[in-house]
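In each ligand, atom 1 is the first atom listed, and ligand 1 is the first ligand listed. These numbers come from a predicted model, not from an experiment.
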Amino acid sequence: MLDQYNRDINYLRVSITDRCNLRCMYCMPKEGLSHIGHDDILRYEEISRIVNVAVGTGIRKIRITGGEPLVRRGVVDFIASLKTIPDLRDISLTTNGTLLSEFAGKLFQAGVKRINISLDSLNPEKYERITRGGDLNAVLKGIDEVHRIGFSPIKINIVAIKGFNDDEILDFAKLSMDKPFQIRFIELMTLGRTDLDRDSKYLSNDVIREKIREIYRLEPVDGERKRLDGPARIYRIAGGAGEIGFISPVSHHFCNLCNRLRLTSDGHLRACLLSDEEVDLKGALRGGCNDDHLAKLIIGAIAKKPIRHDLACDEGHIKKCIKDMSTIGG
Ligand code: SAM
Ligand code: SF4
């Protein structure tokens, strides 16, 4: 379905839980994050119904995310059940990768072929620090396993953080030389509650790209592939097996290409990650609405999708969003 700015809204991201087995410093505070009550989290059958109706309004792809989606009980069966929805062409997953070596085979069988894995440092001690307790080895094992099984594409997401992982940029870039992974640098955004002063830790992808260019020849990947990769600007190190992507919501917003909606774990539909305006689908569902009404609410959210976010205004001021990333689903 086209929105008022002619964007074809065909992609829904679904946060199935706000819970996580890590507490990344840029995503959650160390303490005091009051989790949503169990009754306020959408049940799987409620999510399935919303996805079904959303497909009727033109959604063709969904991505399961969170919080950490693999900590929610029953996630594999839930994903497998979505395969039966006619016209839903693609189901992908974003994960921190810590549980992947256990889940990879089951997810593949359930229909997930495309996977994004977050990895903000290749140094075990730094990884443990940024995630507040995570085990780098477990993630690396998970990545090996999805590669062995044949997931494709495998995308590795790195949130660039000034003074933390800017000394690892070339190590990350090098990962794309030998393995067919897409290594993606994501600019740090200021949303939700954390203890980290993200404004001062922000690092533009322009700086990262130049650092890589000082050492490697970066060739742009154009054409159909580029179109399918949505907001990421994709390059390849000459001769490399994989790719390097830059997702730059702050320095170069890509709102004109944005084709997505987000279903939050507490049952709200959000047309823009960086705007707190939402439509309450859970209230409508639990109030007994029929599918036509649900479809109208989804179409209404699409109609109100803003032309662009205003996270970073031209004056350099950075606006804050209130809802946490783990509830919204990154
Ligand atoms: N737990 C899973 C994971 O970490 O991949 C899925 C949920 S997480 C919220 C989804 C993505 O959002 C991750 O790639 C994470 O790095 C990113 N993210 C979280 N907070 C962010 C922030 N403040 N700025 C930019 N990206 C962020
Ligand atoms: Fe958990 Fe993902 Fe947020 Fe890290 S980024 S705390 S893994 S939800």
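Residue-environment remark: NZ (K106) exceeds the threshold of 12 foreign heavy atoms within 6.0 Å. More than 12 heavy atoms of other residues, nucleotides or ligands sit less than 6.0 Å from atom CD of E45.
Listed by chain and residue number, the protein contacts of ligand 1 are Y26, C27, T65, G66, G67, E68, T94, T95, N96, S118, N157, V159, E187, L188, M189, R198, M325, G330 (heavy atom within 4.0 angstrom).
Of all protein atoms, those of element N, O or S that lie under 2.8 Å from atom 4 (Fe) of ligand 2 number 1.
Ring pair F246/H252: centre-to-centre distance not below 6.0 Å.
The closest approach between a heavy atom of G67 and any atom of ligand 2 is below 4.0 Å.
Taking 4.5 Å as the limit, some side-chain heavy atom of I16 sits within range of a side-chain heavy atom of I47. With contacts defined as side-chain heavy-atom distances shorter than 4.5 Å, the pair I143/F181 qualifies.
Residue F172 is grouped with residue V146 when hydrophobic side chains (ILVMFWY) are merged at heavy-atom distances under 4.5 angstrom, including chains of intermediate members. I117 and L70 fall within a single hydrophobic cluster, where Ile, Leu, Val, Met, Phe, Trp and Tyr are joined by side-chain heavy atoms under 4.5 Å apart, directly or via other members.
Both tests do not hold together for K162 against Y202: distance to the six-membered ring centre under 6.0 Å, angle to the ring axis within 45°. For the pair K113 and F151, the cation-pi criterion (under 6.0 Å, within 45° of the ring axis) is not fulfilled.
Salt-bridge formation is detected for the pair R217/E219: a Lys NZ or Arg NE/NH1/NH2 atom is positioned less than 4.0 Å from an Asp or Glu carboxylate oxygen.
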